[in-house]
Amino acid sequence: VGTFDFEADEDGALRVFGTVESRTDARRTGTVRVTVGVDGDETVRETTVTVDPGETAEWAVGFGIDYDRFAAGGEVSVAVA
């Protein structure tokens, strides 16, 4: 994962977004797995990303979680497989 951040979408729900970088000389496809924890409950979203050699690709996933509820103490982790 190059970078990631989060924000409220137009409906006030949590949206996590970021970039994935390829430091190889081959086109790569991977799965971005985003885990969000709020009040002891975990929710996972996955998205597939394809990145050309030496390039960066953007990704985003939405959660049906109120952004303000998440911002009051939620946790987020992002991994690529």
Side-chain angles (χ1 to χ4, degrees):
V1 175
T3 62
F4 73 91
D5 205 350
F6 50 86
E7 65 185 4
D9 68 12
E10 62 273 357
D11 296 322
L14 176 64
R15 178 180 175 267
V16 181
F17 60 95
T19 61
V20 174
E21 301 171 8
S22 173
R23 297 181 183 158
T24 69
D25 58 356
R27 187 175 206 198
R28 305 294 297 252
T29 298
T31 301
V32 177
R33 181 181 174 96
V34 182
T35 304
V36 169
V38 178
D39 298 330
D41 294 325
E42 276 194 358
T43 304
V44 177
R45 296 283 187 270
E46 294 182 341
T47 187
T48 301
V49 179
T50 300
V51 186
D52 289 325
E55 298 293 324
T56 301
E58 296 181 352
W59 57 268
V61 291
F63 290 83
I65 298 170
D66 181 73
Y67 177 81
D68 291 332
R69 183 173 165 233
F70 169 79
E75 299 176 351
V76 62
S77 67
V78 178
V80 178

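Taking all atoms of both residues into account, the shortest heavy-atom contact from Ala57 to Val51 is CB-CG2, 3.7 Å.
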Name every donor-acceptor pair, under 3.5 Å, that has one atom in a side chain of residues 5-19 and the other anywhere in the protein, sequence neighbours excluded.
residue: Glu7; atom: OE2; partner: Arg15; partner atom: NH1; Å: 2.5
residue: Asp9; atom: OD1; partner: Asp11; partner atom: N; Å: 2.8
residue: Asp9; atom: OD1; partner: Gly12; partner atom: N; Å: 3.0
residue: Asp9; atom: OD1; partner: Ala13; partner atom: N; Å: 2.9
residue: Thr19; atom: OG1; partner: Thr3; partner atom: N; Å: 3.2
residue: Thr19; atom: OG1; partner: Thr3; partner atom: OG1; Å: 3.2

Quiz: residues 58-68 side-chain donor-acceptor pairs under 3.5 angstrom, not counting sequence neighbours:
residue: Asp66; atom: OD2; partner: Asp68; partner atom: N; Å: 3.2
residue: Asp66; atom: OD2; partner: Arg69; partner atom: N; Å: 3.1

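Checking Thr43, Thr47, Val44, Val78 one by one against Val34, the side-chain contact (heavy atoms from CB on, under 4.5 Å) holds for a single residue, Val78.
Counting only heavy atoms from C-beta outward, the side chains of Thr48 and Thr29 approach each other to under 4.5 Å. Inter-residue side-chain proximity for Arg28 and Thr50 is flagged as unmet; no heavy-atom pair is nearer than 4.5 Å.
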So Ser22 and Glu55, side chain to side chain contact (heavy atoms under 4.5 Å, CB included) or not? Walk me through it. CA-CA 6 Å; Ser22 173; Glu55 298 293 324; 5.8 Å; no
Could you walk me through whether Val32 and Val20 pass the side chain to side chain contact (heavy atoms under 4.5 Å, CB included) check? CA-CA 9 Å; Val32 177; Val20 174; 3.8 Å; yes
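Counted within 6.0 Å of CZ on Arg33, heavy atoms from surrounding residues, nucleotides or ligands total 12 or fewer; the atom is thus considered open.
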